[in-house]
Undergrad: 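Dumping the structure here so I can ask a few things about it.
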Amino acid sequence: MDFDEKQSFGFGRNAMIAKVTRFSWSPFLFLITLIAILSFQITTKTIYPIKIAFSSTSKTGVSADTRTSCVGFFRELPERKAVMSIREFGGVGDGKTSNTETFRKAIRYLQRFRESGGAQLNVPKGRWVTGSFNLTSNFTLFLEEGAVILGSQDPKEWPIIEPLPSYGRGRERLGGRHISLVHGDGLTNVVITGNNGTIDGQGKMWWELWWNRTLEHTRGHLVELMNSNNILIANLTFCNAPFWTIHPVYCSNVVVKDMTILAPLKAPNTDGIDPDSSTNVCIEDCYIESGDDLVAVKSGWDQYGIKMARPSSNIVVRRVSGTTPTCSGVGIGSEMSGGIFNITIEDLHVWDSAAGVRIKTDNGRGGYIANITISNVTMERVKVPIRFSRGSNDHPDEGWDPKAVPVVKGISIRNVVSFNSTKAPVLEGIEDAPFGGICMKNVSLLGVVSSLSWHCEFVSGFADEFRDSVCTGCFQRPVCVEQIMKLVGLITRGTALRNAHLGIQLSPNHRENKGSITYTKRIQENLIEGTFSSIPGSITCTKGMLGNSL
């Protein structure tokens, strides 16, 4: 090969290498660009975090939380076909400009995509003042990081709507009620979520109307969805609700998870989450500070709830924590006239509160509360750890029926620890409708003062054996009072007890214990009214309070 040929070959080889080198950069640059575009779309245009929350492994291979979750309550949705920003409709996030008409206009426009995969409205960083607006079906409201929706301070931007039929009137005032800030009626497949954005009801104006007794109509909730199905509310902060914060009513398949809900501890009636006449509801992994119940399960008010007969059922409250100085961690009732059944409350952590778990009802309510399971509850400095109460004397109008008494039965409470409670549990049933089938297991009250006393009235419990940590043997014979007396070890009046048909066998050691137990009267077979003294330092039930043996 001569020099010219070598030059020609060398040039050709170098050209080939150069060509190959240039060619190899193209797909690499294309891949980098594609990843950047996809990353931008995922963070601003999709509901990607929802998919992680509801699948064991996401489409990207990222494993989700393996703890027990709300899987099955909410049907996963396809990616929204239309994604737009509130800015595209003229929204101004300066904390002053009213965006009420902007939100309403945006949602009216996005309704057109309901039948083709739905739409998503993004709210970017900023402070977006607005009055009430209605959502639509197959719709996602997505609040980006730093986005704050502020409730308007003009009451006229919270219009008056009809009262709920199961209440017959506004909960606080006769007649209609203010609509919620975020509202929906008759919807399907609705998501309210984001990257920890905030909806702030700016409720102080409404609280002052209540305090000053100048409120003309019942305050609006922060978020209320009615007659709706397949709802997800997740990964946001809700604060300063005028009234109840989240209120799904007449709904099914509702999930509320990973929420932070805040209100001043003296703000009136600022319940956290109130499922009402709804079924298949899952509430989990939420932190709540409020001026009322953290979670309250409801189902209508007196004769109106009885007439509608729309129960709350199949509800799970799991891994909820928080504080409320005036009310309870989880409450059942008192508006329960449509019935409440199949409720599971587990892994609850409550501190500095008036009550841990509370079942509340009254004469006139009618309805029923049945099959309630409460387990794994930790309380710190809770005034009354467990409370069954009556006598709220709270009725919608003169049409309530005093003979309409509720039925309460099948309440299982187990694995409860309370530190530094100031009072013992209060178990008060109703004379004409005693609470039955109460079962408690492994309940510990630690650090109580010596003056602490149990109060048990018009209730009965059943317990002999336990299997698989469930009170499967609880429903055999009534021994409610017996077990509490064994628990405290303070029995002084054996004669009255023997005549109560409770099958109690007293030993001399019972009479030797310090303290006293006092009975005010005999009620009827299996029911005793009385107060019970406590053991200073701790009260621990390891086998079955209201049961046969410790």
Undergrad: Determine the minimum heavy-atom distance between Leu265 and Ser290, stating which atoms define it.
TA: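 Closest pair (atom of Leu265, atom of Ser290, distance): CD2-O, 3.6 Å.
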Undergrad: Measuring only between side-chain heavy atoms, which start at C-beta, is Leu164 closer than 4.5 Å to His247?
TA: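 The answer is yes; the side chains approach within 4.5 Å.
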Undergrad: Identify the two heavy atoms, one from Pro248 and one from Ser278, that lie closest to each other, and give their separation to 0.1 Å.
TA: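 Here Pro248 and Ser278 meet closest at O-OG, 3.2 Å.
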Undergrad: Under a 3.5 Å distance rule, please check whether Ser353 uses its side chain to pair with a backbone N or O of Pro325 as donor and acceptor.
TA: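 Looks like no, no N/O pair under 3.5 Å.
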Undergrad: Assess the side chains of Ser375 and Asn415: does a donor N or O sit below 3.5 Å from an acceptor N or O?
TA: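 No pair is found: no donor N or O on one side chain lies under 3.5 Å from an acceptor on the other.
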Undergrad: Contact between Arg318 and Glu346 at the side-chain level, heavy atoms closer than 4.5 Å - yes or no?
TA: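 Contact flag for Arg318/Glu346 side chains = yes.
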Undergrad: Can you tell if the side chain of Phe243 reaches within under 4.5 Å of the side chain of Glu172, non-hydrogen atoms only?
TA: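 Phe243 reaches Glu172 side chain to side chain.
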Undergrad: Between Arg319 and Asp285, is there a side-chain N and carboxylate O pair less than 4.0 Å apart?
TA: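 A salt bridge links Arg319 with Asp285.
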Undergrad: Going by the side chain to side chain donor-acceptor pair (under 3.5 Å) test, which pairs reach into residues 206-217, not counting sequence neighbours?
TA: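 Of all non-adjacent pairs touching residues 206-217, none passes side chain to side chain donor-acceptor pair (under 3.5 Å).
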Undergrad: I'd like to check the side chain to side chain contact (heavy atoms under 4.5 Å, CB included) partners of Glu380; sequence neighbours left out, ordered by chain and number.
TA: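 Side chain to side chain contact (heavy atoms under 4.5 Å, CB included) list for Glu380, sorted by chain: His349, Trp351, Phe419.
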Undergrad: Does the side chain of Thr193 come within less than 4.5 Å of Leu232's, by heavy atoms?
TA: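 No, too far: nothing below the 4.5 Å cut-off.
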Undergrad: Kindly indicate whether the side chain of Arg104, heavy atoms from C-beta on, has any atom under 4.5 Å from the side chain of Asn134.
TA: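 A side-chain contact under 4.5 Å is absent here.
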Undergrad: Check step by step if side chain to side chain contact (heavy atoms under 4.5 Å, CB included) holds for Met336 and Val408.
TA: CA-CA 11 Å; Met336 42 65 63; Val408 179; 5.6 Å; no
Undergrad: Could you note down all residue pairs passing side chain to side chain donor-acceptor pair (under 3.5 Å) where residues 320-332 supplies at least one of them, sequence neighbours left out?
TA: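 Of all non-adjacent pairs touching residues 320-332, those that pass side chain to side chain donor-acceptor pair (under 3.5 Å) are Asp293-Ser328.
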Undergrad: Where is the tightest heavy-atom contact between Ala296 and Gly333, given as atom of each residue plus distance?
TA: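 Where Ala296 meets Gly333 most closely, the heavy atoms are CB-O, 4.5 Å.
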Undergrad: Looking only at atom types and distance, does a side-chain atom of Ser312 sit under 3.5 Å from a main-chain N or O of Ser277, one as donor and one as acceptor?
TA: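 Present.
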Undergrad: Could you check Trp244 against Thr270 for side chain to side chain contact (heavy atoms under 4.5 Å, CB included), going step by step and ending with a plain yes or no?
TA: CA-CA 5 Å; Trp244 304 344; Thr270 49; over 6 Å; no
Undergrad: Among Arg171, Glu335, Gln303, exactly one meets side chain to side chain contact (heavy atoms under 4.5 Å, CB included) together with Pro396. Which residue is that?
TA: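 Testing each of Arg171, Glu335, Gln303 against Pro396, the sole residue satisfying side chain to side chain contact (heavy atoms under 4.5 Å, CB included) is Gln303.
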Undergrad: Can you measure from CD1 (Ile374) to CD1 (Ile345) and round to the nearest 0.5 angstrom?
TA: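 So the gap between those two atoms works out to 4.5 Å.
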Undergrad: Would a 4.5 Å heavy-atom cut-off, applied to side chains only, mark Pro385 and Val416 as touching?
TA: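 Contact flag for Pro385/Val416 side chains = no.
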Undergrad: Can you check side chain to side chain contact (heavy atoms under 4.5 Å, CB included) on Val254 and Phe73, steps first, answer last?
TA: CA-CA 7 Å; Val254 178; Phe73 285 83; over 6 Å; no
Undergrad: Show the numbers, then the answer: is there a side chain to side chain contact (heavy atoms under 4.5 Å, CB included) between Tyr250 and Asn227?
TA: CA-CA 5 Å; Tyr250 319 139; Asn227 303 299; 3.4 Å; yes
Undergrad: Please give me the minimum heavy-atom distance between Asp302 and His395, naming the atom from each residue.
TA: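 Scanning both residues completely, I find the closest heavy atoms to be OD2-ND1, 2.6 Å.
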Undergrad: Strictly by modelled atom types, are Asn230 and Asn253 linked by a side-chain donor-acceptor pair under 3.5 Å?
TA: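 Side chains of Asn230 and Asn253: no pair found under 3.5 Å.
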Undergrad: When rounded to the nearest 0.5 angstrom, what is the spacing between CD1 in Ile386 and CE in Met379?
TA: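 One finds 5.5 Å between CD1 of Ile386 and CE of Met379.
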Undergrad: Work out which heavy atom in Met226 is nearest to a heavy atom in Ser228; give both atom names and the distance.
TA: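 Closest approach of Met226 to Ser228: O-OG, 2.7 Å.
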Undergrad: Will you find, in the side chains of Thr344 and Thr373, an N or O donor that is under 3.5 Å from an N or O acceptor?
TA: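 There is no such pair between these side chains.
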Undergrad: Supply the atom-to-atom distance Cys70 SG to Glu284 CD, rounded to the nearest 0.5 angstrom.
TA: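 Interatomic distance, Cys70 SG to Glu284 CD, rounded to 0.5 Å: 3.0 Å.
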Undergrad: Please round to the nearest 0.5 Å and tell me the distance separating atom NZ of Lys360 and atom SG of Cys327.
TA: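 Nearest 0.5 Å value for the NZ-SG distance: 5.5 Å.
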Undergrad: Checking the side chain of Arg358 only, and the main-chain atoms of Ser389 only, is there a donor and an acceptor separated by less than 3.5 Å?
TA: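 No; judged by distance alone, with no hydrogens or angles, the pair does not exist.
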Undergrad: Dump the intermediate steps for side chain to side chain donor-acceptor pair (under 3.5 Å) on Ser152 and Glu157, then the final yes or no.
TA: CA-CA 7 Å; Ser152 171; Glu157 292 199 304; 2.6 Å; yes
Undergrad: Report the residue from Thr422, Asn420, Asp352 that forms a side-chain hydrogen bond (donor to acceptor under 3.5 Å, both in side chains) with Arg381.
TA: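 Answer to the side-chain hydrogen bond (donor to acceptor under 3.5 Å, both in side chains) test with Arg381 among Thr422, Asn420, Asp352: Asp352.
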Undergrad: Counting only N and O atoms by type, is there a donor-acceptor contact under 3.5 Å from the side chain of Ser137 to the main-chain atoms of Leu187?
TA: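 Between the backbone of Leu187 and the side chain of Ser137 there is no qualifying donor-acceptor contact (under 3.5 Å).
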Undergrad: Report yes if the side chains of Asp394 and Arg365 come closer than 4.5 Å at any heavy-atom pair, otherwise no.
TA: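 Asp394 vs Arg365: side chains touch.
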Undergrad: For Tyr304 and Tyr167, which heavy atoms make the closest approach, and how far apart are they?
TA: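 Closest heavy-atom pair between Tyr304 and Tyr167: CD1-O, 3.3 Å.
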Undergrad: Could you tell me if the side chain of Met259 sits less than 4.5 Å from the side chain of Ile273, heavy atoms only?
TA: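 Counting from C-beta outward, Ile273 and Met259 never come under 4.5 Å.
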Undergrad: Go through it in stages, so that I can follow the logic: the residues are Thr279 and Ser313, the test is side chain to side chain donor-acceptor pair (under 3.5 Å), and I'd like the CA-CA distance, side-chain angles, deciding distance and then a yes or no.
TA: CA-CA 5 Å; Thr279 187; Ser313 64; 2.9 Å; yes
Undergrad: Report the distance from atom CG of Asn269 to atom CG of Asp292, rounding to the nearest 0.5 Å.
TA: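 It is 5.5 Å, given to the nearest 0.5 Å.
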Undergrad: Taking Arg390's backbone N and O only, do any of them form a donor-acceptor pair with Asp362's side chain (distance below 3.5 Å, no angle check)?
TA: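 Side chain of Asp362 to backbone of Arg390, a donor-acceptor pair under 3.5 Å: no, none is there.
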Undergrad: State whether the side chain of Gln153 and the backbone N or O of Gln202 hold a donor-acceptor pair below 3.5 Å, judged by distance alone.
TA: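 Answer holds: yes.
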Undergrad: Taking the side chain from Ser421 and the backbone from Lys423, do they hold a donor-acceptor pair closer than 3.5 Å?
TA: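 Pair absent, no side-chain N/O of Ser421 close to backbone of Lys423.
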Undergrad: Where the side chain of Arg169 meets the backbone of Gly176, is there a donor-acceptor pair that is under 3.5 Å apart?
TA: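 Pair absent, no side-chain N/O of Arg169 close to backbone of Gly176.
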Undergrad: With a 3.5 Å distance limit and no angle check, can you tell me whether Ser299 reaches the backbone of Gly338 through a side-chain donor-acceptor pair?
TA: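 Such a contact is found between Ser299 side chain and Gly338 backbone.
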Undergrad: Rounded to the nearest 0.5 Å, how far does SG of Cys251 lie from CG of Asn280?
TA: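 SG of Cys251 is found 11.5 Å from CG of Asn280.
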Undergrad: Please confirm whether the backbone N or O of Met308 pairs with a side-chain atom of Ser166, one donor and one acceptor, at under 3.5 Å?
TA: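 It does not hold such a pair.
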